[in-house]
Amino acid sequence: DSALRLTVAGLDGALGRYRPLPELLADTQIVRSFLTSPPSADLADHVNRELKKIKQVTRASHVYLIGPDGTTIAADNFDAETSFIGKNFSYRPYFKLAMTGKPSRYFALGTTSLKRGYYFAAPVRNNQTILGVVAVKMDVDEIEAAWAGLEHEIIVVDPNGIIFMSGRSQWRLASIEPLSAETLERISSTRQYPRASLSDLPLKFDAK
């Protein structure tokens, strides 16, 4: 029980570092101006560079701005070959929920990087109109690294029973129970775990 409480507190603390960031960014004048002003290469460059600075300062994995149609229009990795700019994330649940006006969170593999990450997102508002979505992705590798050498094995599972964090790499993205066809279809439609096999973890349960 003690190990479990400490793990939950540590995980919640790590997530808490990034949880408010999308809402804070969504409320800035530069982001709203970018979404309401006529297209400008200078303004786009400024926003991209600001997002890159924020990523570096906060040590987030990625910080990006998505237009109302789901297309990324600014990102910290604007100058990288794997830039998110132009990529459409309208299928992601965190985007869909944020576009209804609610902050959201989601765990998935990046469709570009195929790296695991926890996503936070928030709507950008102009009065009652939602202009777009700010998204922040955090890396989970450092959290797992802190579990190395612990007496207990730690796993974190998603609502479908899929292990998305574990001190044992061979357990990651395995499910703790068989997945139904409906669940597999839902995972496929949101591209939550692209190219992952999602095999069952061979578990034996004590009937006592």
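In this chain, numbering begins with 1 at the start of the sequence shown.
- Of all heavy-atom pairs spanning Phe95 and Phe89, the tightest one is CB-O, 3.6 Å.
- Summarising the geometry, atom CG belonging to Leu109 is positioned 5.0 Å from atom CG belonging to Leu173; distances are rounded to the nearest 0.5 Å.
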Would Gln192 and Asn160 satisfy side chain to side chain contact (heavy atoms under 4.5 Å, CB included), going step by step from the backbone distance to the final call?
CA-CA 11 Å; Gln192 185 174 12; Asn160 296 316; 4.2 Å; yes

Before giving the answer on side chain to side chain contact (heavy atoms under 4.5 Å, CB included), spell out for Arg125 and Leu131 the whole-Å C-alpha distance, their side-chain angles and the decisive distance to 0.1 Å.
CA-CA 6 Å; Arg125 301 176 183 273; Leu131 305 173; over 6 Å; no

Assess whether side chain to side chain contact (heavy atoms under 4.5 Å, CB included) is satisfied between Phe120 and Leu15, documenting all intermediate values.
CA-CA 9 Å; Phe120 295 97; Leu15 296 174; 4.1 Å; yes

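- For the pair Arg172 (side chain) and Met165 (backbone), a donor-acceptor distance under 3.5 Å is absent.
- One hydrophobic cluster holds both Leu11 and Phe107 under the rule that ILVMFWY side chains link at heavy-atom gaps under 4.5 Å.
- Within the 4.5 Å cutoff, side-chain heavy atoms of Asp158 are placed close to those of Tyr193.
- At a threshold of 4.5 Å between non-hydrogen side-chain atoms, the residues Thr71 and Lys87 do not count as touching.
- Shown here for Pro123 and Pro103, the closest heavy-atom pair between the two residues is CD-N, 4.2 Å.
- Residue Leu65 is tested with Leu35, Thr72, Val133 for a side-chain contact (heavy atoms from CB on, under 4.5 Å); the sole match is Leu35.
- No side-chain donor-acceptor contact under 3.5 Å links Asn127 and Thr129.
- Side-chain contact check for Thr111 versus Arg92: some heavy-atom pair is nearer than 4.5 Å.
- For Ser175 (side chain) and Pro178 (main-chain N/O), no donor-acceptor pair under 3.5 Å exists by modelled atom type.
- Between Glu144 and Arg116 there is a salt bridge, since at least one side-chain N of the basic residue sits less than 4.0 Å from a carboxylate O of the acidic one.
- Listed by first then second residue, pairs satisfying side-chain hydrogen bond (donor to acceptor under 3.5 Å, both in side chains) with a partner in residues 36-46 read Asp45-Arg49, not counting sequence neighbours.
- The two residues Ile66 and Ala135 make their nearest non-hydrogen contact at CD1-CB, 4.4 Å.
- Both tests pass for Arg191 against the ring of Tyr91: distance under 6.0 Å to the centre and angle within 45° of the axis.
- Here the straight-line distance linking atom CG of Leu179 with atom CD of Glu185 works out to 13.0 Å at 0.5 Å rounding.
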Tell me which donor-acceptor pairs under 3.5 Å the side chains of residues 16-32 have, and how far apart each pair is, sequence neighbours excluded?
| from | atom 1 | to | atom 2 | distance (Å) |
| --- | --- | --- | --- | --- |
| Arg17 | NH2 | Thr58 | O | 3.4 |
| Tyr18 | OH | Thr58 | O | 3.0 |
| Tyr18 | OH | Arg59 | O | 3.0 |
| Arg19 | NH2 | Asp12 | OD1 | 3.2 |
| Asp27 | OD1 | Arg32 | NH1 | 3.1 |
| Thr28 | OG1 | Leu25 | O | 2.6 |
| Gln29 | NE2 | Ser33 | OG | 2.9 |
| Arg32 | NH1 | Asp27 | O | 3.2 |

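- Using cut-offs of 30° and 60° for the angle between ring planes, the Tyr64 and Phe84 rings count as perpendicular.
- The heavy-atom pair separating Phe34 from Ala74 by the smallest distance is CE2-CB, 3.9 Å.
- For Phe78 against Ser83, the heavy-atom pair with the smallest separation is CA-OG, 3.6 Å.
- The cluster map of Ile, Leu, Val, Met, Phe, Trp and Tyr, joined by side-chain heavy atoms under 4.5 Å apart, puts Leu201 and Ile155 in the same cluster.
- Residue-environment remark: CD (Gln170) exceeds the threshold of 12 foreign heavy atoms within 6.0 Å.
- Residues Ile162 and Ile187 have side chains in contact (heavy-atom distance under 4.5 Å, counting atoms from C-beta outward).
- Expressed to the nearest 0.5 Å, how far OG1 of Thr112 lies from CD of Glu81 amounts to 12.5 Å.
- Contact check for Leu184 versus Leu198: side-chain heavy atoms found under the 4.5 Å cut-off.
- Between Ile143 and Met138 there is a side-chain heavy-atom pair separated by less than 4.5 Å.
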I would like to know whether Tyr118 and Arg105 meet side chain to side chain contact (heavy atoms under 4.5 Å, CB included); could you show each step before the answer?
CA-CA 7 Å; Tyr118 204 97; Arg105 61 175 69 183; 3.0 Å; yes

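- Counting heavy atoms from C-beta on, the side chains of Thr190 and Tyr106 come closer than 4.5 Å.
- Asn48 places a side-chain heavy atom less than 4.5 Å from the side chain of Ile85.
- A pairwise comparison of heavy atoms in Val63 and Val136 identifies CG1-CG2, 4.2 Å as the closest pair.
- Here the OG atom belonging to Ser90 is positioned 7.5 Å from the CG atom belonging to Asp69, to the nearest 0.5 angstrom.
- We find the CG-NZ distance between Asp76 and Lys55 to be 4.5 Å, quoted to the nearest 0.5 Å.
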